Amino acid sequence: MALTDQQYYTNSTNWGENQFVLLKDIINNFMAFYVGDEKIINDVSRYDVVYQAKRGLQELHYDALKDVRALELDLPDDLQLELPKDFVRLVRLSWVDDRGRLHPLMMDSETTIAKAYLQDDEYNIIFDSDGAATEGTSIIDTKLAEVSTVDNDQFTNLDYEFFGGRFGMATEKTNVNGKYNIDKNLGYIRFSSEVKSKTVVIEYITDGLAYLPEDELKVNKLAEDFLIKYIAYQIVQYKVGVQEYIVRRMKNEQFAAMKNMKIRMMDIHPFDIVHSFKGRNKWIK
Amino acid sequence: MINHVRNTVLTVLNKENRGFITPAQFNSYAKHAQQVLFNQYFSEYSRLVTMKNSRRLSRDQGNKLSIVRANIDKFTKTATSAIASYRITKPTDMYTPISLVYNDKKMEYISKQNQTYIEASNIAGPSALYPGYCDEDDFWYVKPNTLTGNVKVNYIRDLVDPKWTYILVGENPVFNPSAADYQDFELGADDETKLIIEILKLTGVTIREAEVAQAAAQIDAVETQKENV
């Protein structure tokens with residue numbers, strides 16, 4: 001039932017909700033209107049539909065929705081932060097300055113995150129009683145944590161800049177904001193010391209499943225049609241006895257729905273285009 | 001309806017003094033015949049759906065599918081069963097389940113073969129939002145087993161056995177619908193002819209009168225042939 005104006009505006013959880021449709025409603029509607037004795041999909045278990053709907057939601061988030069989430073955290077002294085719970089892929093890492101502006105960091109290609117096995121005097125790896133190699137603190141981590149903020153912020157170490165007789169700026173590595181490395185398996189990000197004591201913002205793409213409880217999973221209404229057609233296609237594709245022409249038709253419908261959805265979600269407005277073209281005759285001195 | 005069915009059967013049997021069946025025999029055959037026709041509703045429903053999907057069934061007055069559906073729906077029933085020890089007890093008068101509903105959410109049947117895989121599924125396993133159940137003996141085991149409360153069971157109930165009750169006047173049994181254990185057929189009036197034919201098939205065998213059984217079987221075959229056209 002539609003909310004009254006008062007109900008909507010006085011409860012912040014309602015704000016913007018009209019953009020979305022709940023995944024459980026899509027699944028319910030699919031079972032009600034796409035499955036039945038007189039339908040192409042005469043019988044399918046709801047688990048199949050739930051599975052395909054959630055897979056479709058994941059694909060949407062990877063491919064089309066570009067629903068970038070951001071998490072702000074204070075960086076601890078060990079310069080390491082855990083990846084967010086619903087992290088799938090990084091978009092941008094930044095630190096926040098005094099005016100709230102973001103300063104993007106670069107991926108550090110000159111170092112890495114490495115395990116450090118303990119070794120004896122003869123450089124043999126030391127194993128514990130279970131036969132597993134014992135691990136110590138990586139020298140890389142130790143050295144990076146020891147670098148003072150001033151050294152890097154001012155970039156006074158010109159020896160490094162000129163090492164190997166190289167002159168001029170290595171633009172692909174130049175970034176005074178700092179750098180980072182990600183260990184995707186262990187699930188953390190390590191920052192360079194320029195970012196020490198700062199607040200960092202992690203912008204990332206999620207799969208759309210992990211950050212909400214199951215009954216609150218939702219998708220933008222502009223993508224609803226695609227998701228329904230995606231579910232239908234995936235089901236007939238693996239269902240025995242469905243004629244190939246029906247499978248092909250569903251595939252085409254799903255593909256067309258995806259294209260439509262992407263166009264709808266592009267968020268390009270004529271005003272923005274006009275605004276950009278206003279500078280077309282500007283003289284570049 | 002039961003008295004009319006019995007009278008018709010007796011009339012057919014008594015013609016040319018072929019034989020007679022007792023009330024107990026009639027009641028036994030009546031129960032069997034009713035169950036046979038009831039079982040046929042489901043295969044008939046399936047056959048009609050196939051016919052409808054191939055555009056061989058009319059939509060309005062001739063829509064036999066909705067007639068059969070209505071015949072089956074007459075026997076639907078709802079009961080509430082409490083979850084205890086991760087399971088609920090099946091209704092004792094159940095013929096076949098239609099659906100199980102937990103907190104307004106339909107529970108999905110999980111076969112024993114797939115139970116392990118579905119329960120271990122990271123994105124589609126049973127949950128409070130998408131609950132399921134496994135069938136075992138006289139119970140349904142709810143999935144996930146953390147569910148508590150009640151489950152609403154929609155099902156098709158068993159038929160009540162028909163019973164032609166009587167009082168003896170002299171040596172003749174006379175129909176007595178006021179008896180406490182009287183029970184008419186539960187099938188609709190449009191099934192009366194089929195009931196008579198079905199009972200005649202059995203009585204023909206009992207009285208060793210092959211002609212009766214053959215005639216009944218022939219009528220049945222002709223009817224079936226007509227329906228399949």
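The figures that follow rest on heavy atoms only: side chains count, while hydrogens, waters and symmetry mates do not. Numbers restart at 1 for each chain; the letters A, B, ... are given by sequence-line order, proteins then strands. If you're wondering where the values come from, they're calculated on a predicted model, not measured in any experiment.
- Residue B/Tyr86 places its OH atom among 12 or fewer non-hydrogen atoms of other residues, nucleotides or ligands, all under 6.0 Å distant.
- The number of heavy-atom neighbours closer than 6.0 Å to CZ of A/Phe127, taken from other residues, nucleotides and ligands shown, is above 12.
- Atom-to-atom distance recorded for B/Lys105:NZ and A/Arg46:CZ is 10.0 Å, nearest 0.5 angstrom.
- Below 4.5 Å, heavy atoms of chain B meet no heavy atom from residues 5-18 of chain A.
- Counting heavy atoms of neighbouring residues, nucleotides and ligands inside a 6.0 Å radius, atom CZ of B/Phe42 exceeds 12 of them.
- The neighbour count for A/Lys221 NZ, taken as heavy atoms of other residues, nucleotides or ligands under 6.0 Å away, is above 12.
- Atom CG in B/Asn122 sits 8.0 Å away from atom OH in A/Tyr51 (nearest 0.5 Å).
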key: Verdict with reasoning, B/Ile123 to A/Gln52, per side chain to side chain contact (heavy atoms under 4.5 Å, CB included)   = CA-CA 9 Å; B/Ile123 59 172; A/Gln52 298 299 352; over 6 Å; no

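- Distance check: B/Asn114 CG to A/Tyr47 OH gives 11.0 Å after rounding to the nearest 0.5 Å.
- Minimum heavy-atom separation, A/Asp215 to B/Leu129: CA-CD2, 3.6 Å.
- A 6.0 Å sphere centred on NZ of A/Lys251 holds no more than 12 heavy atoms belonging to other residues, nucleotides or ligands.
- The environment of NZ in B/Lys106 is sparse: at most 12 heavy-atom neighbours from other residues, nucleotides or ligands sit within 6.0 Å.
- Between B/Glu108 and A/Val44 the shortest heavy-atom distance is OE2-O, 4.4 Å.
- The environment of NZ in B/Lys112 is crowded: more than 12 heavy-atom neighbours from other residues, nucleotides or ligands sit within 6.0 Å.
- Heavy atoms closer than 4.5 Å to chain A are found in the side chain of B/Leu65, but not in its backbone.
- Between A/Asp37 and B/Val49 the shortest heavy-atom distance is CB-CG1, 3.7 Å.
- For B/Lys31, the NZ atom counts as loosely surrounded, since its 6.0 Å shell holds 12 or fewer non-hydrogen atoms of other residues, nucleotides or ligands.
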